[in-house]
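Accompanying notes for the structure given below.
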Amino acid sequence: MKKSVFLGALTVAGLAAGAAAAGTLDDVKARGKLNCGVTTGLVGFAAPDANGNWDGFDVGVCRAVAAAVLGDAQAVEFVPTTGKTRFTALASGEIDMLARNTTWTFSRDVDLKFEFVGVNYYDGQGFMVPKELGVSSAKELDGATVCIQTGTTTELNLADFFRANNISYEPVPIETNAEAQQQYLAGACDVYTTDASGLAATRATFEAPGDHVVLPEIISKEPLGPLVRHGDHEWGDVVRWTLNALISAEELGVTSANIAELAAGTDVPETNRLLGTEGTLGEMLGLEADWAVKAIAAGGNYGELFEKNIGEATPIALSRGLNASYKDGGLLYSPPFR
């Protein structure tokens, strides 16, 4: 779920400069709706239900931003994008932000002129194979056919890994996760490779998840997070600090269950600044004083979003791991609200 560094960077940069000049925060307020780019469908992260209502971990970030800016977590237009189309959609202004399992890389940040506002999932690329294949390591995949999403960092990492281990593979290019799942289950490829979280989410939808194994190798760093266009710093701050608010809320013990009570005032100065009962942080962002209260109330703090959508009690069954708070030995760490 990641992607292309060779996307006509000059064109994208030109589009980004023009779109950013308009002032996305003002545009979203005037429109009364946030246009958020998401995947075409990955259960647990972003997927529509039978009624077309989107839900998932990345969807939760979009809804938190909409709540912070517009006071309405439902005021979101979800725009499905593929690995190939997502960057053009953002650069052109079709979407205001992208929250789509997208890896923060040097070239996307610098050459494609995007701004990653943080990391909402620390991931790495893995491999899934049918158990009947009898493979226990990715290094045993010499000559395998591999389903791979085009225009992705996955594609580049795969080539690096096989070259470094002096083994060969035959790529089976696909555009979306749904297509990858279909091809893999049909036997068109021996292996499916993508972010380990994506493999877990995909396997959870299988009729017999136990018939498939995720191999132990993690071959890359995939810091996934929301991104906006370069040059629109006011809007970047809004998305960045909304994500930080969800992370800080978990650190501070602010949950969807107690936020109404805590928003009346506490003995913890940082909690008060976060929730708007002290200071003028909302005003600095061009938002209401209770912007973070609305963002957190939309779907809960970071931990609540994680557990509800992709945590160990869900079919996807992901442990927090690197995505635990720094207080619990993970990498999640928000700059201070002061």
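These values consider heavy atoms only, across backbone and side chains, with no hydrogens, waters or symmetry-generated copies.
- Among residues two or more places apart in sequence or in another chain, the side chain to side chain contact (heavy atoms under 4.5 Å, CB included) test is passed with T85 by T81, T82.
- A distance-only check finds no donor-acceptor pair linking the side chain of Q182 to the backbone of A178 [under 3.5 Å].
- Looking at E115 and R240, a side-chain N of the basic residue comes within less than 4.0 Å of a carboxylate O on the acidic one, giving a salt bridge.
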ask   = For D72 and K294, what are the C-alpha separation, side-chain angles and deciding distance, and is it a salt bridge (charged side-chain N to carboxylate O under 4.0 Å, His left out)?
value = CA-CA 8 Å; D72 181 2; K294 294 169 183 170; over 6 Å; no
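- The aromatic rings of H212 and Y184 lie tilted to each other, with the angle between the two planes from 30° to 60°.
- The line from CG of N35 to CG of L98 is 12.5 Å long, rounded to the nearest 0.5 Å.
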Show me the donor-acceptor pairs within less than 3.5 Å that the side chains of residues 274-284 make with the rest of the protein, sequence neighbours left out.
unit_1	atom_1	unit_2	atom_2	d
T277	OG1	N272	O	3.4
E278	OE2	N272	ND2	2.9

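- With respect to the salt-bridge test (charged N to carboxylate O, under 4.0 angstrom), the residues E251 and K327 do not qualify.
- We find the CD-CD distance between E217 and E140 to be 8.0 Å, quoted to the nearest 0.5 Å.
- A side-chain donor-acceptor contact under 3.5 Å links N157 to the backbone of T153.
- The other members of the hydrophobic cluster of F106, by chain and number, are V110 (side-chain heavy atoms under 4.5 Å, ILVMFWY only).
- Put simply, the side chain of N244 never gets that close to the backbone of S334: no donor and acceptor are under 3.5 Å apart.
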query = Checking side chain to side chain donor-acceptor pair (under 3.5 Å) for the pair E304/S256: CA distance, chi angles, key distance, verdict?
reply = CA-CA 8 Å; E304 290 178 281; S256 56; 2.6 Å; yes
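- The hydrophobic clustering, which links ILVMFWY residues whose side-chain heavy atoms are closer than 4.5 Å, places L331 and W104 together.
- Using a 4.0 Å cut-off between a side-chain N of Lys or Arg and a carboxylate O of Asp or Glu, R320 and E250 qualify as a salt bridge.
- Heavy-atom neighbours of Y326 OH from other residues, nucleotides or ligands within 6.0 Å: above the threshold of 12.
- There is a side-chain donor-acceptor pair under 3.5 Å between T202 and N177.
- Distance alone, capped at 3.5 Å, is enough to place a donor-acceptor pair between the N258 side chain and the T255 backbone.
- To the nearest 0.5 Å, the span separating OG1 on T24 from CZ on R229 amounts to 4.0 Å.
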For residues 51-69, please give each side-chain donor-acceptor pair under 3.5 Å, one per line with the distance, not counting sequence neighbours.
unit_1	atom_1	unit_2	atom_2	d
D58	OD1	N120	ND2	3.1
D58	OD2	N101	N	3.3
R63	NH1	A73	O	3.0
R63	NH1	Q74	OE1	3.3
R63	NH2	W54	O	3.1

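- Summarising the local packing, CG of N166 is surrounded by 12 or fewer heavy atoms from other residues, nucleotides or ligands at distances under 6.0 Å.
- Note that CD of E222 is 3.5 Å distant from OG of S220, once rounded to the nearest 0.5 Å.
- Residue pairs meeting the disulfide bond (SG atoms under 2.5 Å apart) criterion with at least one member in residues 93-195, sequence neighbours excluded: C147-C189.
- Using a distance-only test at 3.5 Å, with no hydrogens or angles considered, a donor-acceptor pair links the side chain of N301 to the main chain of G303.
- Under 3.5 Å, the side chains of T194 and Q125 contain no donor-acceptor pair of N or O atoms.
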request  = For the pair D160 and R163, evaluate salt bridge (charged side-chain N to carboxylate O under 4.0 Å, His left out) and give the outcome as yes or no after the intermediate values.
outcome  = CA-CA 5 Å; D160 287 351; R163 185 174 66 186; 3.8 Å; yes
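- Ring centroid separation for the pair F114 and H230 does not come in under the 6.0 Å cut-off.
- Here the NZ atom belonging to K131 is positioned 7.0 Å from the CG atom belonging to D211, to the nearest 0.5 angstrom.
- When atom types are taken as modelled, the side chain of R31 and the backbone of K33 share a donor-acceptor pair closer than 3.5 angstrom.
- Remark: K221 NZ to T103 OG1 distance equals 11.5 Å, nearest 0.5 Å.
- No side-chain donor-acceptor contact under 3.5 Å links T176 to the backbone of T40.
- Tested against V117, the residues D237, V239, L227 include a single side chain to side chain contact (heavy atoms under 4.5 Å, CB included) partner, V239.
- A continuous path of ILVMFWY side-chain contacts below 4.5 Å connects V119 to L322, so both sit in one hydrophobic cluster.
- Residue I167 is found in a hydrophobic cluster whose other members, listed by chain and number, are F127, V129, L133, V135, L141, V146, I148, L158, F161, F162, Y169, V191, V213, L215, I219; membership requires side-chain heavy atoms under 4.5 Å apart, directly or through intermediates.
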